[in-house]
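What follows is a single structure, written as structure tokens, with notes after it.
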Amino acid sequence: MNLDKFPSEVQSNLVPKVRGSLIYRCLNCENEFPIDELLYVCPDCGQVLLIHDADFQKLKEIPGKTWQLIFDYRKMLKIPALKGIYLYHEFIGPVLPLEDIIYLGEGHTPMIEANPVLQELTNIRFYYKNDGQNPSASFKDRGMASAFSYINYLLKKGSIDNILAICASTGDTSAAAALYASYMKPNVKSAVLLPHKKVTPQQLSQPLGSGADVFEIPGVFDDCMKIVEALSEQYNVALLNSKNAWRILGQESYSYEIAQDLDYKLQNTVVVIPIGNAGNITAVLNGFLKFFEAGIINTLPKIIGVQSHHANPVYRYYLEPDETKRKFVPITVKPSVAQAAMIGNPVSMPRVISLVKNYNLKSGFQNVFFVEVTEQDIMDWELTANQNGHIACTHGGETLAGLVAAKQQGIVKADEIAVIDSTAHALKFSGFQDMYFEDRFPPEFGVTPKPKLMNSPILIHPDDLDEVPAPGKPLTGESFDRFVSRVSQEIAKKLNLIKK
Ligand SMILES: *Cc1c(COP(=O)(O)O)cnc(C)c1O
Ligand SMILES: [Zn+2]
């Protein structure tokens, strides 16, 4: 494309150049460390890190309105590296040259407005942002595109070789890590640790299909996490959990896309996010803060974090209104259909505490809220959403249940519009839908199916048909005509069809 055809004020910035000066910053002792090596925690105090651009102030030399134009026009370019999360290169990984960027089709997931039936049922105007439409069918691809592009950059520089990417996972992190690692063969291999029987069959099939080494560990995610942490402390491996601050950077793209898709006008906007290890909400908060700081948006949207009552340590922490009295207590999780968020001791909790405080401060009022929902509500709302044209996973059910709860509690006002996150594709968690439809939830979930939401296939095999077709054994002639006629009669009866 001919850059001369674009408005002059965007031309020089349309194709991003390497810029910026990224550093790891400790949230606790505020010490800073260079990014030439992979760090996961502060070498001085052991706290989690975030990546900060020491040159961020320079981004402000370009007016917010111009940034808006740059991002809007950049969408027209045909450069693969800019088609995903790196459309926002200056805010995500400005030190990476475009040729080092790994792009597998992540990001720019659609926002689908709820239909009139669903809006009337909930009494709220809202959109699902379907992060299940990422390559490995969850939002985790955003963070992996960032983390693996950085690894690629280090590999090309020659500062590392032969990487073993390792992660603990509630299912989706491992699917995403294994996918990106397999693309980077032969320099990168991957190994994933999953809690035995605590991921869905679809999620288990993903890293296996990508050729990763898959280990199943007794216990829950929190136990797997401890093992990967031990491995990454003692051996030369690259940790791909959201403890890795590069993951957070990539996931900030979710906020940038919402801003862009709403034309950078975020007045009366509410964004609803499910919380597990709290990496996603960290990224969403940080993303909006960065766009706000750079003047690209003038309003910080209201953020609502949702947790199931079976895995709610973040919600519990914020139950205490007095900030000075809050104390984080990890919890033991109970079974949850929002299984990817079944985490009792979120790694990103210190990031959340620091960012929520800053977000409320910059907003000038309380602008981050936390709600809790039941397993029953998660399932009921997921099925209701999907019976109205969505492809929400159980976590998407959780965000809708959370939005409804927040409206009832007065947190969401009548004139507000919500964007709610369906973090994965419905198909990854269809086993929970089957359990609902077949009324076989183990009692510890506390889910009782509502008859009007249940569904099951109906086998049509009229008693008076003695011959039916079978694979390799088709019917012909009169017996086939009889089969077609009897089966269609039977279906017409079930559907109460009226003859023409
Ligand atoms: C990982 C995951 C979550 C939880 O996100 P965190 O960043 O761990 O809070 C929610 N939903 C799905 C589908 C996930 O894969
Ligand atoms: Zn520190």
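We count residues from 1, following the sequence as given. For ligands, and for the atoms within them, numbers begin at 1 and follow the listed sequence.
- Residue Gly279 approaches ligand 1 through these ligand atoms, each under 4.0 Å from one of its heavy atoms: 6 (P), 7 (O), 9 (O).
- Taking 4.0 Å as the cut-off, Ser242 does not count as a neighbour of ligand 1 on heavy-atom distance.
- At least one N or O atom of Ala278 sits closer than 3.5 Å to an N or O atom of ligand 1.
- The distance between the ring centers of Phe370 and Tyr318 falls below 6.0 angstrom.
- The shortest contact between atom 7 (O) of ligand 1 and any protein heavy atom is with Asn280 N, 2.7 Å.
- Close approach to Ala424 involves these atoms of ligand 1, each under 4.0 Å from a residue heavy atom: 13 (C).
- In this pair, Trp246 and Tyr24 present their aromatic rings perpendicular. The plane angle is above 60°, beyond the 30 to 60° band.
- Taking the six-membered ring where the residue is Trp, the centroids of Phe445 and Tyr436 are separated by 6.0 Å or more.
- Of the polar atoms of Asp172, at least one N or O is found under 3.5 Å from an N or O of ligand 1, judged by distance alone.
- Residue Gly276 has at least one nitrogen or oxygen atom sitting less than 3.5 Å from a nitrogen or oxygen atom of ligand 1, judged on distance alone.
- Centred on the Zn ion (ligand 2), the angle running from Cys45 (SG) to Cys42 (SG) is recorded as 110°, rounding to 10°.
- Taking the six-membered ring where tryptophan is involved, the planes of Phe71 and Phe291 are essentially parallel, since the angle between them stays under 30° and well short of 60°.
- For a threshold of 3.5 Å applied to N or O pairs, the pair formed by Asn277 and ligand 1 contains at least one separation below that value.
- Thr374 contributes a side-chain N or O that, together with a main-chain N or O of Asp377, makes up a donor-acceptor pair within less than 3.5 Å.
- By the 30° and 60° cut-offs, the orientation of the rings of His395 relative to Phe429 is perpendicular.
- For atom 5 (O) of ligand 1, the nearest non-hydrogen atom of the protein is Phe139 CZ, 3.4 Å.
- Counting protein heavy atoms only, atom 1 (C) of ligand 1 is closest to Lys140 NZ, 1.4 Å.
- By the 4.0 Å N-to-carboxylate-O rule, Glu320 lies too far from Lys325 to be salt-bridged with it.
- Residue contacts with ligand 1 for Lys428 are absent, since no atom lies close enough (heavy atoms, distance under 4.0 Å).
- Nearest-heavy-atom check against atom 11 (N) of ligand 1 across Thr399, Asp131, Thr423 picks out Thr423.
- His108 contributes atom NE2, which lies 8.5 Å from atom CD of Glu106 (distance to the nearest 0.5 angstrom).
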I would like to know whether Glu438 and Ser456 meet side chain to side chain contact (heavy atoms under 4.5 Å, CB included); could you show each step before the answer? CA-CA 8 Å; Glu438 293 159 18; Ser456 56; over 6 Å; no
